[in-house]
Amino acid sequence: MDQPSTKDLIAKYRAEYRKLTPVHSTAIGEKVHFNMQGFKHLIFKGKHRRPNKALLNRIVLVPLIVPVIKNCNEEVEIRIRRETVDGKQVRVTYYALEAVIGKNKCRVRVITRKVGEKGKHYFQSVMKY
């Protein structure tokens with residue numbers, strides 16, 4: 001039996017990702033929203049496409065994003081940086097949420113991103129840890 005192509009897997013998980021709706025996180029006390037910038041970050045790092053192995057290791061975790069956000073009781077790590085967003089220097093806060101989840105009981109980390117003080121939390125990345 002043939003393995004599905006990378007293109008087919010990306011299409012499959014993109015469709016799953018688009019179905020995600022905002023979910024409340026008890027760890028950060030707010031809802032985490034999902035936009036296509038977050039999905040694209042799974043495929044690209046900056047302007048360069050991730051190597052296939054790294055890309056596949058991330059996109060197959062898309063079904064575990066919501067359970068990790070729901071099951072994480074406190075943030076594991078917070079990073080605050082000054083970044084240029086839409087031509088302006090702003091404060092960007094990254095939150096790492098972690099949970100042991102899935103059939104194989106693996107540790108998965110979800111990163112959220114909040115721009116400014118009053119911005120919404122958006123999904124940024126997911127990885128096995």
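Note that the numbering runs from 1 along the sequence shown for the chain.
Only one option out of Asn71, Ile69, Val76, Val108 pairs with Leu97 in a side chain to side chain contact (heavy atoms under 4.5 Å, CB included); it is Ile69.
For the side-chain hydrogen bond (donor to acceptor under 3.5 Å, both in side chains) test, residues two or more places apart in sequence or in another chain that qualify with Ser125 are Arg58. Applying the ring-ring contact (aromatic ring centres under 6.0 Å, His included) rule to His121 yields the partners Tyr95; only residues at least two apart in sequence or on another chain are considered. For Tyr17, the ring-ring contact (aromatic ring centres under 6.0 Å, His included) partners two or more places apart in sequence, or in a different chain, are Phe34, Phe39, Phe123. Residues passing the side-chain hydrogen bond (donor to acceptor under 3.5 Å, both in side chains) test with Asn73: none are found, sequence neighbours excluded.
Atoms CZ and CD1, on Arg14 and Ile43 in that order, are 5.5 Å from each other to the nearest 0.5 Å. One distance of note links CD1 of Ile65 with CD1 of Ile101; it measures 12.0 Å at 0.5 Å rounding. If you take OG1 on Thr26 and CD on Glu75, they are separated by 10.0 Å, rounding to the nearest 0.5 Å. Rounding to the nearest 0.5 angstrom, the gap separating the CG atom in Leu55 from the OH atom in Tyr13 is 11.5 Å. The structure places CG of Asn35 at 10.0 Å from NE2 of His33, a figure rounded to the nearest 0.5 Å. A distance of 11.0 Å separates OG of Ser25 from CD of Glu74, quoted to the nearest 0.5 Å.
The pair Arg79-Glu77 counts as a salt bridge, with a side-chain nitrogen and a carboxylate oxygen less than 4.0 angstrom apart.
In this structure, Thr84 contributes its side chain and Gly87 its backbone to no donor-acceptor pair below 3.5 Å.
The two residues Val23 and Lys70 come nearest to each other via the heavy atoms CG2-CE, 3.4 Å.
In this structure, the side chains of Thr112 and Gln124 stay at 4.5 Å or more apart for every pair of heavy atoms. Annotation: side chain of Val126 is not in contact with side chain of Leu64 (no heavy-atom distance under 4.5 Å).
Pairs engaging residues 110-120 under the salt bridge (charged side-chain N to carboxylate O under 4.0 Å, His left out) rule: Glu30-Lys114, Glu83-Arg113, Arg91-Glu117 [sequence neighbours left out].
Other residues, nucleotides and ligands contribute over 12 non-hydrogen atoms within 6.0 Å of the CD atom of Gln89.
In this structure, Tyr94 belongs to a hydrophobic cluster whose other members, linked by side-chain heavy atoms under 4.5 Å apart, are Val85, Val90, Val92, Ile111, Val115, Met127, Tyr129.
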